[in-house]
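Here the structure is laid out as structure tokens; the discussion comes afterwards.
Each chain gets a letter, A, B and so on, in the order the sequences are listed, and its residues count up from 1.
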Protein chains: 2
Amino acid sequence: MRSSVEEAPDHCAIEFAMEMLGGRWKLAILKQLVSGTHRFGELRRALPGITQRMLTRQLRELEADGLVTRTVYREVPPRVDYTLTEVGHSLDSITELLDTWGRWYRETVRGEALPGPRPPA
Amino acid sequence: MRSSVEEAPDHCAIEFAMEMLGGRWKLAILKQLVSGTHRFGELRRALPGITQRMLTRQLRELEADGLVTRTVYREVPPRVDYTLTEVGHSLDSITELLDTWGRWYRETVRGEALPGPRPPA
DNA sequence: CAGTATCCGGAAAGATACTG
DNA sequence: CAGTATCTTTCCGGATACTG
């Protein structure tokens, strides 16, 4: 019985992490950026349902937290792209695990393989 | 360069996972339960700042999602305890990683070792 | 002890329109 | 293309009081 619950150092760093990464989009955005640099529009298309406003806000918060780098190219059609910083990449394994877990849970625990035709009853 | 962003199967299972595990308390609760069964009051004390209402609600949602088991003992002082299911335990590595990451980020990236006296400037 | 039952404020998130 | 600017809605999370 080594671990009574109250041994938590301050109060579990997960709360801290979730205040930073919680919300609907943050981790999904980071996941997209694991594979490399992407433009605003690419991210937008990769995240069906997100609005321009949300994507902008989330990206700015991620930038403020030092997780992504924002690069503006002053060209004729404006171009901005986003890249994970080293700190941002420190979350790669977590986003990977969460993604895998989410897929596993959805397909195995619940029975929802893919949105679409249901298997006959 | 196999992975352009738009290869996402449906739309990234992370979104799904975060809808289920997001919010301020879910993962912190799961983390507490990794070490084994705990009573309602224990969890309450282990999560400073959480209200009875919140703890109850979050636990019920976790139960509904098949992540925790709720056991009621009909005794004179009522007693209820909570245990991770196998599915719940499938998140152990993720909560562990997130906790470690949160601690690392807070102490290394930002300079906040522990709430308390600041080191001299 | 382990909850319910209400009430409530503010942040999160969405819709829509406009711009450098 | 990559944003801003508003407006509106949703609902998460908290405070408080009561109960089997």
Checking R79(A) against Y73(A): charged group under 6.0 Å from the ring centre and within 45 degrees of the axis? yes
For dG14(D), give its Watson-Crick or G-U wobble partner with both distances under 3.5 Å, or none. dC7(C)
Taking the nucleotide of DNA chain D with the nearest heavy atom to each, does G23(B) or V80(A) sit closer to the 5' end? V80(A)
Taking the minimum atom-to-atom distance to the side chain of M54(B), which one of dG3(C), dG3(D), dG14(D) wins? dG14(D)
Phosphate OP1/OP2 of dG14(C): any R24(A) side-chain N/O under 4.0 Å: yes
Checking the side chain of K26(B) only, and the main-chain atoms of L62(B) only, is there a donor and an acceptor separated by less than 3.5 Å? no
Does Y73(B) reach a base, just sugar-phosphate, or nothing at all? Heavy atoms under 4.0 Å. nothing
Integer-rounded Å distance: dA12(C) C1' and E19(B) CD: 13 Å
Specify the separation, in whole Å, of atom CD of E75(A) and atom P of dC1(D). 13 Å
Measure the distance from CZ on R44(A) to P on dG3(D) and round it to the nearest whole Å. 11 Å
Rounded distance (Å) that lies between atom P of dC1(D) and atom CG of L43(A): 14 Å
For dG3(C), take OP1 and OP2 only and decide whether either is under 4.0 Å from a side-chain N or O of Y82(B). yes
Side-chain N,O (R39(A)) to OP1/OP2 (dA2(D)) below 4.0 Å: yes
Check the angle between the aromatic planes of W101(B) and Y105(B) and answer parallel, tilted or perpendicular using the 30° and 60° thresholds. parallel
For a quick check of understanding: with a heavy-atom distance under 4.0 Å over all strands, which category does R74(A) fall into, base, sugar-phosphate or nothing? nothing
Indicate whether OP1 or OP2 belonging to dT4(C) is found under 4.0 Å from a side-chain N or O atom of R60(B). yes
Nearest heavy-atom approach of D92(B) to G88(B) is OD1-O, 3.9 Å
Quiz item: cation-pi between R70(B) and Y82(B), 6.0 Å / 45°: no
Output the single nucleotide from dA2(D), dA13(C), dG14(D) whose closest atom is nearest the side chain of F40(A). dA2(D)
Between P of dA2(D) and CD1 of I50(A), the distance in whole Å: 14 Å
Closest to the 5' end of DNA chain C, once P78(A) and Q52(A) are matched to their nearest nucleotides, is Q52(A)
Drop me the distance from M18(A)'s CE to C12(A)'s SG, to the nearest 0.5 angstrom. 11.0 Å
To the nearest angstrom, the NE2-P distance between H38(A) and dC1(D) comes to 17 Å
dG3(D) phosphate, OP1 or OP2: any side-chain N/O from R70(A) under 4.0 angstrom? yes
Paired with dG20(C) by Watson-Crick or G-U wobble geometry, both distances under 3.5 Å: which nucleotide is it? dC1(D)
Is a donor-acceptor pair below 3.5 Å formed from side chain R53(B) to base dG14(D), judging by atom type as modelled? yes
Give the rounded distance in Å between these two atoms: CZ of R57(B) and P of dC12(D). 6 Å
Mind calculating the distance between CG (L55(A)) and C1' (dA12(C)) to the nearest angstrom? 16 Å
